[in-house]
Asks: 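Handing you this structure, nothing more for now.
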2 protein chains.
Amino acid sequence: MDSRTVNLRSKLEVYKAMTDGGNIADCPVRDVIQGLNGKWSSLLTAALAEQPYRFGELRRLVPDISQRMLTQTLYDLQRDGYVRREVFPTKPPSVEYSLTDLGRSMFDALQYLLQWAENNHDAVRDARAAFEQTQA
Amino acid sequence: MDSRTVNLRSKLEVYKAMTDGGNIADCPVRDVIQGLNGKWSSLLTAALAEQPYRFGELRRLVPDISQRMLTQTLYDLQRDGYVRREVFPTKPPSVEYSLTDLGRSMFDALQYLLQWAENNHDAVRDARAAFEQTQA
DNA sequence: GAGTGGTAGTCTCAAAAAGAGACCAGCACT
DNA sequence: AGTGCTGGTCTCTTTTTGAGACTACCACTC
């Protein structure tokens with residue numbers, strides 16, 4: 001996607017897209033965003049954007065995720081078409097997860113936000129510190 | 001942010017930023033992203049990017065949010081420095097919420113993802129339908 | 001002067017989601 | 001025969017979210 005395309009659209013238009021012109025509760029844009037803002041979705045997508053990984057590799061790569069949430073997040077990403085799951089008939093069978101073209105395309109858009117977070121986490125940290133002062 | 005800056009960075013680098021070079025559980029990038037992926041954060045940010053709103057206006061604008069979650073999400077966005085809260089001494093007092101410069105900057109980055117969702121929600125819907133077939 | 005409505009919330013309880021950790025089957029290796 | 005690796009599932013507890021009643025203050029109407 002050409003970045004100028006986004007910048008030419010008004011913020012109002014993006015908001016309207018999220019509310020689907022009145023169909024607020026059942027809006028497709030919110031539906032898609034909803035599937036991406038789980039606690040682990042973006043981290044796992046970022047890992048798989050680097051290279052394909054097996055289940056156990058992902059678990060070791062992200063030590064603070066529980067097996068249960070790893071299973072479920074991968075299932076959700078697969079259901080929405082971002083991730084491909086391939087079983088190899090080794091003994092014991094191994095399972096490889098990789099990004100689909102759709103997943104790669106989504107991650108390209110997500111990267112702007114990740115990059116922003118990397119550049120600005122100091123500002124957010126400062127804001128939190130200042131806010132705690134006003135509350136005290 | 002210049003879009004080329006992002007595209008020149010490898011996916012590996014973005015992943016490394018999310019894992020903070022080993023400090024995976026307590027990574028500032030994940031910390032910032034975490035604050036943004038609540039169910040209502042992106043929708044409220046999009047609304048406030050359009051124009052400032054008062055509490056009751058936001059509640060009417062987003063009918064399926066509970067007062068409790070509206071209060072809490074606005075509190076979180078204010079704490080992280082994205083939103084400014086101003087009380088006006090009218091009778092009864094009214095409260096106006098608006099984006100800060102930091103919030104505007106963040107929303108610019110978020111917009112790429114919202115735009116992607118708007119362009120690709122059909123593909124996600126198709127993926128879900130296809131996935132249900134394979135499960136049945 | 002009693003009721004109605006609009007302001008911005010808080011409080012409580014129920015439901016849903018996430019986290020922790022035990023448990024499983026199958027096979028290879030020692 | 002025991003140990004470890006594979007990729008999970010199952011159960012229980014804690015956290016997060018949702019629904020809805022309730023508050024205090026004031027203006028306006030009847």
Side-chain angles (χ1 to χ4, degrees), chain A residues 24-27 30-45 47-48 51-80 83-98 131 134-135, chain B residues 24-27 30-31 33-45 47-48 52-80 83-98 131 134-135:
Chain A
I24 294 183
D26 195 28
C27 159
R30 279 177 63 179
D31 188 39
V32 171
I33 295 296
Q34 198 61 31
L36 293 173
N37 68 10
K39 182 169 181 181
W40 304 104
S41 310
S42 52
L43 181 58
L44 290 178
T45 307
L48 293 175
Q51 62 174 259
Y53 282 108
R54 285 182 298 127
F55 186 89
E57 290 176 327
L58 285 171
R59 187 154 54 95
R60 283 186 292 274
L61 203 61
V62 187
D64 58 337
I65 193 173
S66 66
Q67 282 199 335
R68 186 186 161 285
M69 287 314 294
L70 182 54
T71 302
Q72 177 159 339
T73 305
L74 288 171
Y75 180 91
D76 291 344
L77 290 175
Q78 185 196 359
R79 171 177 45 75
D80 288 1
V83 161
R84 177 173 30 247
R85 179 180 187 272
E86 286 175 287
V87 181
F88 293 98
T90 54
K91 309 266 179 168
S94 60
V95 181
E96 185 178 278
Y97 294 91
S98 56
F131 184 75
T134 70
Q135 298 306 90
Chain B
I24 293 183
D26 195 27
C27 159
R30 279 176 64 180
D31 188 39
I33 295 296
Q34 199 62 30
L36 294 173
N37 69 10
K39 183 169 180 180
W40 303 104
S41 310
S42 52
L43 182 58
L44 291 179
T45 306
L48 294 176
Y53 283 109
R54 284 181 297 125
F55 186 88
E57 290 175 327
L58 284 171
R59 187 154 54 94
R60 284 186 291 274
L61 203 62
V62 187
D64 58 337
I65 194 174
S66 65
Q67 283 199 335
R68 187 185 160 287
M69 286 314 293
L70 182 54
T71 301
Q72 177 157 343
T73 305
L74 287 172
Y75 180 92
D76 291 344
L77 290 175
Q78 184 196 0
R79 171 177 46 74
D80 288 2
V83 161
R84 176 174 31 247
R85 178 180 186 273
E86 287 174 287
V87 181
F88 293 98
T90 55
K91 309 266 178 168
S94 61
V95 180
E96 185 177 278
Y97 293 92
S98 56
F131 185 74
T134 69
Q135 298 307 87

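Every chain is numbered from 1 and lettered A, B, ... according to where its sequence line falls, protein lines coming before strand lines.
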Asks: Mind calculating the distance between CD (A:E96) and P (D:dG7) to the nearest angstrom?
Replies: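 Atom CD in A:E96 sits about 11 Å away from atom P in D:dG7.
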Asks: Check this one for me: any side-chain N or O of B:W40 less than 4.0 Å away from OP1 or OP2 of D:dG18?
Replies: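 Yes, within the criterion.
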Asks: Output the rounded distance in Å from CD (A:Q67) to C1' (D:dC10).
Replies: 12 Å
Asks: How close or far is atom C1' of C:dA8 from atom OH of B:Y53, stated in whole angstroms?
Replies: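 Going from OH in B:Y53 over to C1' in C:dA8 covers 18 Å.
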Asks: I need the NZ-C1' distance between B:K39 and C:dA15, as an integer number of Å.
Replies: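 B:K39 atom NZ is separated from C:dA15 atom C1' by 12 Å.
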Asks: Counting only non-hydrogen atoms, which of residues 68-75 of chain B are less than 4.0 Å from DNA chain C?
Replies: B:R68, B:T71
Asks: Assess the pair A:Y75 and B:F131: is the distance between their ring centroids shorter than 6.0 Å?
Replies: yes
Asks: Expressed as a whole number of angstroms, how long is the span from B:L58:CG to C:dG9:C1'?
Replies: 14 Å
Asks: Can you pull every protein N or O that's under 3.5 Å from an N or O on nucleotides 1-7 of chain C?
Replies:
{"residue": "C:dT7", "atom": "OP2", "partner": "B:R60", "partner atom": "NH1", "Å": "3.4"}

Asks: Taking the side chain as every heavy atom from C-beta outward, state whether A:L70 and A:L44 have any pair of such atoms under 4.5 Å apart.
Replies: yes
Asks: Give the rounded distance in Å between these two atoms: CG of A:D76 and C1' of C:dA16.
Replies: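 These atoms are roughly 14 Å apart.
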Asks: Once you round it to whole Å, what is the distance between C1' of C:dA17 and CD of A:Q34?
Replies: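 Distance, rounded to whole Å: 12 Å.
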Asks: Is there side-chain contact between A:L48 and A:L58, with heavy atoms separated by less than 4.5 Å?
Replies: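 Yes, side chains in contact.
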Asks: In this structure, how many angstroms lie between the P atom of D:dG8 and the CD atom of A:E86, rounded?
Replies: 13 Å
